[in-house]
Amino acid sequence: MKAVAWSFLGIRKASGQAEDIARIKPAHLIVAGLLGGAVFVTVLVLLVRWVVASGVAH
C-alpha cells in the first residue's frame with residue numbers, strides 16, 4: 001500500500017521505486033491500486049455530499 005500511496009502523490013525517489021519494482025508482485029500492486037482508488041473516490045463522493053447538504057455550495 002505504501003508504494004501505491006506514493007504513486008498517488010506522485011513523489012518517489014528513483015531508488016525507492018527500483019526497490020518497489022524488485023520486491024512487489026504485479027498482482028499485489030493491482031489490488032492495492034484498486035483499493036486505493038476506491039477509497040479515494042469514496043472519500044471524494046462523501047466530501048461532495050457533505051458540502052452540498054450543508055448548503056456551503058450555494
Side-chain angles (χ1 to χ4, degrees):
M1 281 309 283
K2 189 168 84 172
V4 172
W6 281 115
S7 68
F8 274 125
L9 291 174
I11 52 175
R12 186 74 168 147
K13 291 183 181 179
S15 61
Q17 182 183 5
E19 207 176 279
D20 289 340
I21 290 171
R23 67 183 181 141
I24 297 176
K25 294 180 181 182
H28 295 152
L29 194 59
I30 291 168
V31 169
L34 290 173
L35 287 174
V39 168
F40 180 71
V41 169
T42 302
V43 168
L44 284 179
V45 168
L46 291 174
L47 180 65
V48 168
R49 285 185 179 188
W50 175 73
V51 168
V52 169
S54 68
V56 177
H58 275 341

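The model shown is predicted, which means the values in this text are computed figures rather than measured ones.
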Handout entry: Partners passing side chain to side chain donor-acceptor pair (under 3.5 Å) against R23 (at least two apart in sequence or in another chain)
Key =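 With sequence neighbours excluded, R23 shows a side chain to side chain donor-acceptor pair (under 3.5 Å) to D20, given in chain and number order.
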Please list all pairs passing the salt bridge (charged side-chain N to carboxylate O under 4.0 Å, His left out) test where one or both residues lie in [range], with sequence neighbours left out.
range: residues 34-43; answer: none
range: residues 25-41; answer: none
range: residues 29-43; answer: none

Handout entry: I30 CD1 to L35 CG distance, which is reported to the nearest 0.5 Å
Key =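 Interatomic distance, I30 CD1 to L35 CG, rounded to 0.5 Å: 12.0 Å.
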Donor-acceptor contacts, no H, no angles, side chain residues 36-57, under 3.5 Å, sequence neighbours left out:
{"residue": "T42", "atom": "OG1", "partner": "A38", "partner atom": "O", "Å": "2.7"}
{"residue": "S54", "atom": "OG", "partner": "W50", "partner atom": "O", "Å": "3.3"}
{"residue": "S54", "atom": "OG", "partner": "V51", "partner atom": "O", "Å": "2.9"}

